[in-house]
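First the structure, in the form of structure tokens, and then the observations on it.
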Amino acid sequence: MENLLKHRLLFSKRLSYLIKCNGLSNTELARAIKVSPGLITKYTSAKASPSYENFIQLADYFCVSMDFLRGKHYHISDDPIKSNNMDYWMELIEMIRLNEVEEKEVFEYLRLLINNLN
């Protein structure tokens, strides 16, 4: 039971980061993957775990691995500058302790970078 809660908390933290990083609201994400906004809120507050289908949809939507979402990746194992893998970037952001203003600035820069790459 404790292990399940630990995984749910890791998932909720990572999903929350992805939502912030992409400048989304829970409603926008819910609409994109065709679930209720309340369900996204339950995921981000660790009150529920996603079904396997929703888990896949979330990983695909954000272009991250399912291992990242479930908290299997804890450390940067490669140079994130040379990697286009979102897992590395999210892990790096998690390791840096930012205040709310700094966090918003970092996410805005990441959004600009992603838009310029596309």
Side-chain angles (χ1 to χ4, degrees):
M1 183 72 165
E2 184 177 319
N3 202 22
L4 178 64
L5 182 58
K6 178 182 171 185
H7 288 290
R8 189 181 291 168
L9 288 169
L10 280 170
F11 170 78
S12 71
K13 182 178 180 181
R14 294 198 176 194
L15 180 60
S16 295
Y17 270 115
L18 290 169
I19 290 169
K20 282 184 186 179
C21 183
N22 285 278
L24 296 171
S25 68
N26 287 1
T27 302
E28 291 167 324
L29 176 59
R31 193 175 302 125
I33 66 166
K34 297 179 175 65
V35 298
S36 72
L39 188 56
I40 300 297
T41 300
K42 286 181 181 180
Y43 293 162
T44 58
S45 62
K47 292 182 179 173
S49 296
S51 66
Y52 184 71
E53 291 79 13
N54 288 348
F55 193 72
I56 292 170
Q57 283 186 292
L58 288 165
D60 287 349
Y61 181 82
F62 288 113
C63 298
V64 297
S65 70
M66 292 171 65
D67 281 345
F68 172 78
L69 279 177
R70 71 186 187 115
K72 187 173 181 182
H73 294 292
Y74 292 102
H75 302 289
I76 296 171
S77 58
D78 200 358
D79 182 356
I81 301 299
K82 296 178 183 174
S83 174
N84 63 357
N85 188 336
M86 187 66 169
D87 292 355
Y88 294 122
W89 291 103
M90 295 307 298
E91 288 177 22
L92 182 61
I93 289 170
E94 284 182 25
M95 290 171 35
I96 301 170
R97 302 280 185 228
L98 303 173
N99 66 39
E100 191 173 324
V101 172
E102 293 168 329
E103 186 177 278
K104 285 181 182 181
E105 288 175 358
V106 167
F107 289 134
E108 184 58 34
Y109 288 128
L110 285 173
R111 273 194 293 279
L112 291 171
L113 178 63
I114 290 166
N115 288 336
N116 286 333
L117 292 175
N118 292 331

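Basis for what follows: all heavy atoms, side chains included, without hydrogens, waters or symmetry-related copies. What you see is a predicted model; the values in this text were computed from it and never measured.
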| query | How far does OG of Ser12 sit from CD1 of Ile19, to the nearest 0.5 angstrom? | reply | 10.0 Å
| Sub-4.5 Å side-chain heavy-atom contact between Cys21 and Phe62 | no
| Roughly how far, to the nearest 0.5 Å, is the OG atom of Ser45 from the CD1 atom of Ile40? | 11.0 Å
| query | What is the minimum heavy-atom distance between Ser51 and Tyr43, and which atoms define it? | reply | N-OH, 4.0 Å
| Can you tell me how far the CG atom of Leu15 sits from the CG atom of Leu69, to the nearest 0.5 Å? | 7.0 Å
| message | Looking at every non-hydrogen atom in both residues, tell me the closest pair between Arg8 and Lys47 and how far apart they are. | response | NH1-O, 3.8 Å
| said: So, taking the atom named CD1 in Ile56 and the one named CD1 in Ile33, what distance separates them when rounded to the nearest 0.5 Å? | reply: 11.5 Å
| field | Trace of the side chain to side chain contact (heavy atoms under 4.5 Å, CB included) decision for Leu29 with Leu18 | value | CA-CA 10 Å; Leu29 176 59; Leu18 290 169; over 6 Å; no
| Taking all atoms of both residues into account, what is the closest heavy-atom pair of Ala59 and Met66, and its distance? | CB-CG, 3.7 Å
| task | Mind checking the OG1-CG spacing from Thr44 to Asn26? Nearest 0.5 Å is all I need. | result | 4.5 Å
| query | Do Tyr61 and Leu24 pass the side chain to side chain contact (heavy atoms under 4.5 Å, CB included) test, and can you show the C-alpha distance, the side-chain angles, and the key distance before you say yes or no? | reply | CA-CA 12 Å; Tyr61 181 82; Leu24 296 171; 3.7 Å; yes
| field | Inter-residue atom distance Asp60.CG - Phe55.CZ, 0.5 Å rounding | value | 11.0 Å
